[in-house]
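This report concerns only the one structure given below.
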Amino acid sequence: MHSERGFAPVFRTKRSAVRNLSFLVVCAFGGLIVGTPVAGDNISDRAKKLHFSAIVVDTHDDTTQLLLDPKFDLGERHTSGSIDIPRMREGGLGAIFFSIWIPSKVTGPTAVQKALEQIDAVREQVRKHPQDLVLATTAEQIRQANKDRKIAALIGVEGGHMINSDLGVLRRYAGLDVRYMTLTHSGNDEWADSSTDKAVHNGLTDFGKDVVREMNRLGVMVDISHVSDKTFYDALSVSKAPLLASHSSCRALCDAPRNMTDQMMKDLAAKGGVVQINYHVGFLSQEFRNAEKADPKINDSIAQEVTKRCGGDTNEGCMLIEGDRISREYVTKGVLPRVEYTKIIEHIDHAVKVAGIDHVGLGSDFDGANMPYGMEDASMLPKITGALLNRGYSDGDVKKILGENTLRLMTDVERVSRELTAEK
């Protein structure tokens with residue numbers, strides 16, 4: 001299963017409470033139909049107005065794993081998980097990148113086929129919900145979706161192993177509207193080193209550098225979340241377009257190899273890139289990470305219980321829900337520490353101070369990781385706006401973090417693609 005805990009099984013933060021006080025309204029402040037946040041969230045009128053007038057972009061969500069279940073309907077409100085259309089509306093989420101993910105150990109034609117199945121599953125949900133969703137590939141299409149009161153659905157491939165060392169497969173994905181690819185996942189692929197595996201390539205191989213160049217030409221963003229530090233610097237050197245870190249947080253605040261060092265964030269920003277802050281508790285909280293490292297049996301116990309409840313490790317939908325439920329039980333028992341959503345704000349704040357206000361965005365990892373308390377699903381996104389305003393951020397700077405920085409990055413990548421295409 002996809003896990004943001006290195007090679008440990010997936011234990012994601014899923015919720016079971018329905019927000020009965022939430023209801024859909026047409027927001028007078030922006031283009032989207034949005035929802036009123038739950039009573040008691042203490043979000044100011046100013047924060048609500050600002051949030052729902054902004055274009056909120058989330059660059060990494062693993063909801064695709066749930067879409068593989070033919071019974072799952074994105075249009076229905078669910079009592080578990082983090083993403084569905086009603087809760088995206090209530091949280092003012094204007095654009096979402098659905099992650100295409102296959103474990104690093106699955107390679108070759110099988111990985112390609114599974115990736116194509118997931119891409120098709122995303123496109124099928126868009127087809128089923130034309131009043132709410134529209135497939136997008138460019139910044140301008142996201143802006144138009146916002147004007148049309150629709151949520152822009154985008155696609156990102158999480159792991160270069162899914163191209164089977166074939167640029168033709170990469171081009172095929174681009175033709176199916178994939179707009180970023182993470183160079184590795186948790187294990188090395190054939191041409192790039194991962195941050196959570198033993199280095200074997202010293203960063204990018206020559207073919208890996210060709211992959212980056214072809215992504216530039218195709219207008220596919222080069223995503224450096226999950227890669228080793230050396231792979232990051234190789235990609236930064238080769239790419240003519242700015243880089244994306246689709247779901248990474250700050251290593252200075254939580255010493256996880258998946259997070260970015262201050263120097264990496266500065267260097268990313270110097271070439272126009274954006275770091276999208278990940279909400280996973282194990283990347284936000286050093287205390288949580290220390291508790292996991294201190295007792296490796298915790299993850300083993302949770303994995304065994306998940307397998308028991310789901311009847312094996314092939315029912316990914318069940319594992320998504322039960323893994324999170326058990327993890328939260330461990331928090332309740334005091335085995336794992338409780339992490340609040342305000343940790344997200346601390347990482348945003350740190351990244352802004354290091355990389356600059358134009359180079360920070362949001363990459364939640366909803367439905368792919370353990371969410372902190374208070375940010376269990378997309379309906380809670382207005383809290384981020386409220387918290388940033390409380391820290392003294394201007395309206396314009398908040399809008400940059402919520403989505404404008406990502407849209408600018410996409411525009412830059414599109415421009416480089418046109419220039420490279422024109423050269424040939």
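Throughout, residue positions are numbered sequentially from 1 according to the sequence presented. These values consider heavy atoms only, across backbone and side chains, with no hydrogens, waters or symmetry-generated copies.
- Ion pair D210/R213 flagged as a salt bridge, since at least one NZ, NE, NH1 or NH2 atom sits closer than 4.0 Å to an Asp/Glu carboxylate oxygen.
- Checked by atom type, the side-chain pair N216/S239 shows a donor-acceptor distance below 3.5 Å.
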(message) Using the rule given for side-chain contact (heavy atoms from CB on, under 4.5 Å), can you reason through D58 versus F97, listing the C-alpha separation, both sets of side-chain angles and the distance that settles it, and then say yes or no?
(response) CA-CA 6 Å; D58 187 339; F97 279 80; over 6 Å; no
(message) Run the side-chain contact (heavy atoms from CB on, under 4.5 Å) test on H359 and L268 for me, step by step, so that the C-alpha distance in whole Å, both residues' side-chain angles and the decisive distance to 0.1 Å come before the verdict.
(response) CA-CA 8 Å; H359 304 283; L268 180 83; over 6 Å; no
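- Note on R251 versus D229: salt bridge recorded, some NZ/NE/NH1/NH2 to OD/OE distance being below 4.0 Å.
- Checked for salt-bridge contact, D262 and K266 miss the test: no charged N lies under 4.0 Å from a carboxylate O.
- With respect to R391 and D349, a salt bridge is recorded, a charged nitrogen being found less than 4.0 Å from a carboxylate O.
- Donor-acceptor pairing under 3.5 Å is recorded for the side chains of E158 and S99.
- In this structure, the side chains of V212 and L204 come closer than 4.5 Å at one or more pairs of heavy atoms.
- Summarising the local packing, NZ of K230 is surrounded by more than 12 heavy atoms from other residues, nucleotides or ligands at distances under 6.0 Å.
- With no hydrogens or angles considered, no side-chain donor-acceptor pair links Q304 and D300 at under 3.5 Å.
- Of the N and O atoms on the side chains of E305 and S301, not one donor lies less than 3.5 Å from an acceptor on the other residue.
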(request) May I have the step-by-step check of salt bridge (charged side-chain N to carboxylate O under 4.0 Å, His left out) for D73 and K128, ending in yes or no? (result) CA-CA 9 Å; D73 186 351; K128 288 180 178 178; over 6 Å; no
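- Side-chain atoms of D223 and S246 form a donor-acceptor pair, as typed in the model, at a separation below 3.5 Å.
- Looking at S248 and Q276, their side chains never bring a donor and an acceptor atom within 3.5 Å of each other.
- One finds no salt bridge joining D255 and R289 here, because no Lys/Arg side-chain nitrogen approaches an Asp/Glu carboxylate oxygen to under 4.0 Å.
- The pair D377-R87 counts as a salt bridge, with a side-chain nitrogen and a carboxylate oxygen less than 4.0 angstrom apart.
- Salt bridge E376/R328: present, at least one basic N to carboxylate O contact under 4.0 Å.
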(request) Please report the C-alpha distance between N188 and H161 in whole Å, then the side-chain angles of each, then the deciding distance to 0.1 Å, and finally whether the side chain to side chain donor-acceptor pair (under 3.5 Å) criterion is met. (result) CA-CA 8 Å; N188 301 332; H161 58 292; over 6 Å; no
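- Counting non-hydrogen atoms of other residues, nucleotides and ligands closer than 6.0 Å to NZ of K271 gives a total above 12.
- Relative ring orientation between F72 and H78 is described as parallel, the plane-to-plane angle staying below 30° on a 0-90° scale split at 30° and 60°.
- Here R408 pairs with D412 in a salt bridge; the nearest charged N to carboxylate O distance falls below 4.0 Å.
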(message) What verdict does the salt bridge (charged side-chain N to carboxylate O under 4.0 Å, His left out) test give for E117 and K114, after you've listed the backbone C-alpha separation in whole Å, the side-chain angles of each residue and the deciding distance to 0.1 Å?
(response) CA-CA 5 Å; E117 290 170 0; K114 288 184 176 294; 5.1 Å; no
(request) Start with the C-alpha distance between M162 and V169, add both sets of side-chain angles, then the distance that settles side-chain contact (heavy atoms from CB on, under 4.5 Å), and finish with yes or no. (result) CA-CA 8 Å; M162 280 177 271; V169 175; over 6 Å; no
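- For H60 and Y180, the side-chain atoms include at least one donor-acceptor pair closer than 3.5 Å.
- Using modelled atom types, one finds no donor on one side chain facing an acceptor on the other under 3.5 Å when comparing S225 with T182.
- One finds a salt bridge joining K343 and E346 here, because a Lys/Arg side-chain nitrogen approaches an Asp/Glu carboxylate oxygen to under 4.0 Å.
- With hydrogens and angles left out, the side-chain atoms of D189 and H201 include no donor and acceptor closer than 3.5 Å.
- Under 3.5 Å, the side chains of D193 and S228 contain no donor-acceptor pair of N or O atoms.
- Counting heavy atoms from C-beta on, the side chains of I83 and L74 come closer than 4.5 Å.
- Taking 4.0 Å as the cut-off between side-chain N and carboxylate O, D166 and R172 do not count as a salt-bridged pair.
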(message) Quick one, Y279 with F366, criterion ring pair (Phe, Tyr, Trp, His ring centres under 6.0 Å). Give me CA distance, side-chain angles, the key distance, then yes/no.
(response) CA-CA 8 Å; Y279 306 171; F366 276 142; 5.6 Å; yes
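- Salt bridge status for R309 with E329: present, with a side-chain N to carboxylate O gap under 4.0 Å.
- For the ring pair (Phe, Tyr, Trp, His ring centres under 6.0 Å) test with H247, the passing option among H226, H280, H347 is H226; the others fail.
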(request) Could you go through the side-chain contact (heavy atoms from CB on, under 4.5 Å) check for I155 and R179 one step at a time? (result) CA-CA 6 Å; I155 302 173; R179 279 305 172 265; over 6 Å; no
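- Atom CD1 of I384 sits about 12.0 Å away from atom CG of L389, to the nearest 0.5 Å.
- Checking each of D358, T406, D395 against K400 for a side-chain hydrogen bond (donor to acceptor under 3.5 Å, both in side chains) leaves exactly one that passes, namely D358.
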